[in-house]
Number of protein chains: 2
Amino acid sequence: MPKGDALGGFEQLVLLALAHLGDNAYGVTIRQEIAARTGRDVNIGAVYATLDRLETKGLTRSRTGEPTALRGGRSKRYFELTAEGARALEESVRALESMTRGLNWGELG
Amino acid sequence: MPKGDALGGFEQLVLLALAHLGDNAYGVTIRQEIAARTGRDVNIGAVYATLDRLETKGLTRSRTGEPTALRGGRSKRYFELTAEGARALEESVRALESMTRGLNWGELG
DNA sequence: TGTATTGATATACACTGTATAGGAAATGCC
DNA sequence: GGCATTTCCTATACAGTGTATATCAATACA
């Protein structure tokens, strides 16, 4: 584990998606949320792999839901932030904000 | 190379430091800038390794400066954003912003 | 019964992040 | 001059993260 256990970029995105989705966060919706907001075409396997790692670190937890009465409605695995995950997310977003503060995009490059 | 060649989290930090430092960006000041703004104690080797990778991708360029008349004043290697680097940085910051927009920190965890 | 659909899991590998160790060039002091 | 000291850069190795590919499971409907 790194010293300050900073979040990776994609981990941060996944946590942010969880924060937006509330109690409707599972693999497919998480992927959609990220794609919709960032325009980035995320691979579903990457999402699950990252979710597993976040859970191992104690930043998220998951539970298995009921199967829905939809065709192919397999039971979903719902994910949510833990208190520690919310704290880590907030901290890493603040760090980013303090790095972007006062930047003049016009005079770059 | 990844499909959408998205920036990693630390790469983003380093690019942001370059953007702030302008024509005074070299290993030591970059490290200081990140540490001062994020409170994160960055390893200098990590900075150089990341700068090399960014240069390989064409997001930064570097030139060797004159030695200064200071004790131990070895000639510095100055870094700056390329146009492509500035574009990539702006894009990745915007992606982050659109992920944090409308988030209610109070009701998380 | 079999095929399309929704959703999850496994695995492998490339890319990033980080620590450790060491090298190069300049100064200052004896 | 010679050697320690200072500033800064380079090399390398390995853990951690990011991503793709492939596959499995359960359900509905024809």
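Just so it is clear: chains get the letters A, B, ... in the order the sequence lines come, proteins before strands, and each one is counted from 1. Just so it is clear, the values below take in all heavy atoms, side chains as well, and ignore hydrogens, waters and symmetry mates.
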Residues forming a side chain to side chain contact (heavy atoms under 4.5 Å, CB included) with B:T38, sequence neighbours excluded: A:A95, A:M99, B:L13, B:I34, B:R40
Within residues 20-32 of chain A: residues closer than 4.0 Å to DNA chain C (heavy atoms): A:Y26, A:G27, A:V28
Per-nucleotide protein contact string for nucleotides 21-30 of chain D, where B marks a base within reach and S marks sugar-phosphate only (heavy atoms under 4.0 Å, - for neither): B---BBBSS-
Euclidean distance, atom CD of residue B:E66 to atom P of C:dA26 [Å, nearest integer]: 10 Å
Gap between atoms NZ and P, on A:K57 and D:dG16 respectively (whole Å): 9 Å
For atom NZ of B:K76 and atom P of D:dT6, their distance in whole Å: 17 Å
Selection residues 10-19 of chain B - residue pairs positive for salt bridge (charged side-chain N to carboxylate O under 4.0 Å, His left out), sequence neighbours left out: B:E11-B:K57
Residue whose nearest DNA chain D nucleotide is more 5′ - A:V47 or B:Y78: B:Y78
Close side-chain approach of A:E33 and A:T29, heavy atoms under 4.5 Å: no
Residue pair B:V47 / B:V28, side-chain heavy-atom distance below 4.5 Å: no
Where at least one partner belongs to residues 17-28 of chain B, residue pairs that pass side chain to side chain donor-acceptor pair (under 3.5 Å), sequence neighbours excluded: B:H20-B:R37
Derivation and outcome, side-chain contact (heavy atoms from CB on, under 4.5 Å), residues B:Y78 and B:T64: CA-CA 6 Å; B:Y78 289 99; B:T64 302; over 6 Å; no
For atom CG of A:D41 and atom C1' of D:dA20, their distance in whole Å: 12 Å
Separation of D:dG16 P from A:D52 CG (nearest whole Å): 16 Å
Criterion side chain to side chain contact (heavy atoms under 4.5 Å, CB included) against B:I30, the qualifying member of B:L16, B:L15, B:V42, B:L21: B:L21
Whole-Å gap separating P (C:dC15) and CG (B:L59): 15 Å
Partner set under salt bridge (Lys or Arg N to Asp or Glu O under 4.0 Å) for B:R77, not counting sequence neighbours: B:D52, B:E55
Shortest side-chain distance from B:R77, nucleotide among D:dT10, D:dG18, C:dG17: D:dT10
Whole-Å gap separating P (D:dT19) and CZ (A:R53): 11 Å
Heavy-atom pair with the smallest gap, counting every atom of B:T82 and B:G58: OG1-O, 2.7 Å
Separation of C:dT18 P from A:L7 CG (nearest whole Å): 11 Å
